[in-house]
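A short worksheet on the structure shown next.
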Amino acid sequence: MQSVLHPSSPGGRPARPAPSEYTLIFFDLETTGLDVSGCDIVQLSAVCGERTFNAYMVPRRSMGYSASFVTGFTVEGDSLLQYGRPMMTVPLQDALADFLTFLRGFHSPVLVAHNVLRFDAPILLRSLRGFSLQNELERVIPGFLDTLLLSKDLPACSRVRKFSLQYLVKYFLGKPFEAHDALEDSKALEQLCHVWNPSPMLIRRHLYTVQQIHF
DNA sequence: TGCCAGGCCCTCTTTAGGGCCTT
């Protein structure tokens, strides 16, 4: 699904001086743990319709026990394994540069993830800053859309009491879901948003610029 | 060996505490 939003003011002029439409890019990270200020990315994935991005990296620090348990990632020597299978990895800097190139292929790409405000965005921005690439992301994307916050504002979720991605996928898509693979999670989130079909007003309400992310 | 996040939100709250959400 390539989602496009056309924001406009009551007067018919664009609500923001910048882009007149957004493309929703669903993305996800798998990391060495939940420590936002210190964990490393091991998988960076994104999807928009038929176009996907997927990169694996060997982390500088060890995988946390619980992170390994839920994602299946382990590190042996200089290799990243997923469920014991060696993965093709690239240096973090290359993955981030390639990700920016991927994003440049869309018009006004908005990065969408579940709990992106508190987890994915701060980690992504911290990683980019390490290679002086943070400003480049600011130039490429209008902002981030957090589906955790969005879901709590959706009429379709008025009876929902749990808002984890796992629960929402099971509730709305009717299938068990325990992926914890960044690409699969991104695809599931895209399907979820396709079902929700949130209004442009709701999307704008939960859109945050890079400058608004605390990390 | 022992450690293993943090901020928001809700309520049986506010002089607090527990659950949620991400890996």
Side-chain angles (χ1 to χ4, degrees), chain A residues 25-47 53-76 80-85 87 89 92 95-96 99 110-130 143-154 156-173 176-193 196 198 205-208 210-215:
Chain A
I25 312 296
F26 300 86
F27 89 110
D28 190 37
L29 306 178
E30 303 302 330
T31 68
T32 56
L34 295 172
D35 179 7
V36 171
S37 61
C39 67
D40 282 354
I41 302 172
V42 296
Q43 186 186 10
L44 167 60
S45 304
V47 61
F53 178 90
N54 193 30
Y56 299 94
M57 292 131 277
V58 178
R60 293 167 303 175
R61 65 198 70 207
S62 61
M63 290 290 301
Y65 176 82
S66 61
S68 272
F69 182 79
V70 299
T71 65
F73 285 113
T74 51
V75 176
E76 286 187 14
L80 178 72
L81 313 180
Q82 191 176 28
Y83 299 111
R85 189 166 53 110
M87 307 304 290
T89 59
L92 175 61
L96 295 172
F99 186 53
V110 168
L111 281 174
V112 187
H114 206 60
N115 204 19
V116 69
L117 220 56
R118 309 268 170 245
F119 191 76
D120 302 85
I123 294 170
L124 178 65
L125 289 171
R126 175 171 53 79
S127 301
L128 286 165
R129 186 174 60 185
F144 294 92
L145 174 63
D146 193 327
T147 53
L148 174 61
L149 301 177
L150 173 72
S151 64
K152 294 180 178 178
D153 224 2
L154 284 170
C157 294
S158 59
R159 293 185 177 180
V160 174
R161 289 295 173 265
K162 282 176 62 71
F163 293 89
S164 67
L165 181 61
Q166 181 180 343
Y167 181 84
L168 291 172
V169 167
K170 186 178 179 181
Y171 186 93
F172 284 98
L173 304 182
F177 177 75
E178 292 185 36
H180 277 302
D181 174 279
L183 185 56
E184 294 306 312
D185 288 357
S186 300
K187 290 177 179 178
L189 188 60
E190 183 180 47
Q191 292 175 33
L192 204 52
C193 275
W196 286 343
R205 184 182 299 168
H206 295 287
L207 196 61
Y208 295 86
V210 170
Q211 291 86 354
Q212 288 177 291
I213 306 298
H214 301 288
F215 68 100

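Proteins get letters first, then strands, A, B, ... in listed order; numbering begins at 1 in each. In what follows, every heavy atom counts, from backbone to side chain, and hydrogens, waters and symmetry copies are set aside.
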Would you measure the distance from the [atom1] atom in [N] across to the matching atom in [M] and give it in whole Å?
N: B:dG18; M: B:dT13; atom1: C1'; result: 12 Å
N: B:dC4; M: B:dT23; atom1: C1'; result: 12 Å
N: B:dC9; M: B:dC3; atom1: P; result: 31 Å
N: B:dG19; M: B:dC12; atom1: C1'; result: 15 Å

For A:Asp185, which contact category applies under a 4.0 Å heavy-atom criterion: base, sugar-phosphate, or nothing?
sugar-phosphate

Describe the nucleic acid contact of A:Leu148 in one word from base, sugar-phosphate, nothing, applying a heavy-atom distance below 4.0 Å.
sugar-phosphate

Rounded to the nearest Å, what distance is computed from the [atom1] atom of residue [X] to the [atom2] atom of nucleotide [N]?
X: A:Tyr65; N: B:dT1; atom1: OH; atom2: P; result: 16 Å
X: A:Asn115; N: B:dG6; atom1: CG; atom2: P; result: 15 Å
X: A:Leu34; N: B:dC3; atom1: CG; atom2: P; result: 19 Å
X: A:Phe163; N: B:dC9; atom1: CZ; atom2: P; result: 13 Å
X: A:Arg126; N: B:dA5; atom1: CZ; atom2: P; result: 15 Å
X: A:Leu124; N: B:dT22; atom1: CG; atom2: C1'; result: 14 Å
X: A:Leu117; N: B:dT22; atom1: CG; atom2: C1'; result: 12 Å
X: A:Phe144; N: B:dC21; atom1: CZ; atom2: P; result: 22 Å

Flag this pair as yes if the NZ/CZ of A:Lys152 is under 6.0 angstrom from the six-membered ring centre of A:Phe163 and inside a 45 degree cone about the axis; otherwise no.
yes

A:Phe27 and A:Phe144 aromatic ring geometry - parallel, tilted or perpendicular at 30°/60° bounds
tilted

Check whether any side-chain N or O of A:His114 sits under 4.0 Å from OP1 or OP2 of B:dC21, and answer yes or no.
no

Within the structure, does a side-chain N or O atom of A:Lys162 lie under 4.0 Å from either OP1 or OP2 of B:dG19?
no

Taking the side chain of A:Arg118 as its heavy atoms from C-beta onward, which of B:dC8, B:dC21, B:dT23 lies nearest to it?
B:dC8

For the side chain of A:Leu165, starting at C-beta, report the closest nucleotide among B:dT22, B:dC21, B:dT23.
B:dT22

Could you tell me whether the side chains of [X] and [Y] share a donor-acceptor contact shorter than 3.5 Å?
X: A:His180; Y: A:Thr71; result: no
X: A:Thr32; Y: A:Asp40; result: no
X: A:Asp35; Y: A:Ser37; result: yes

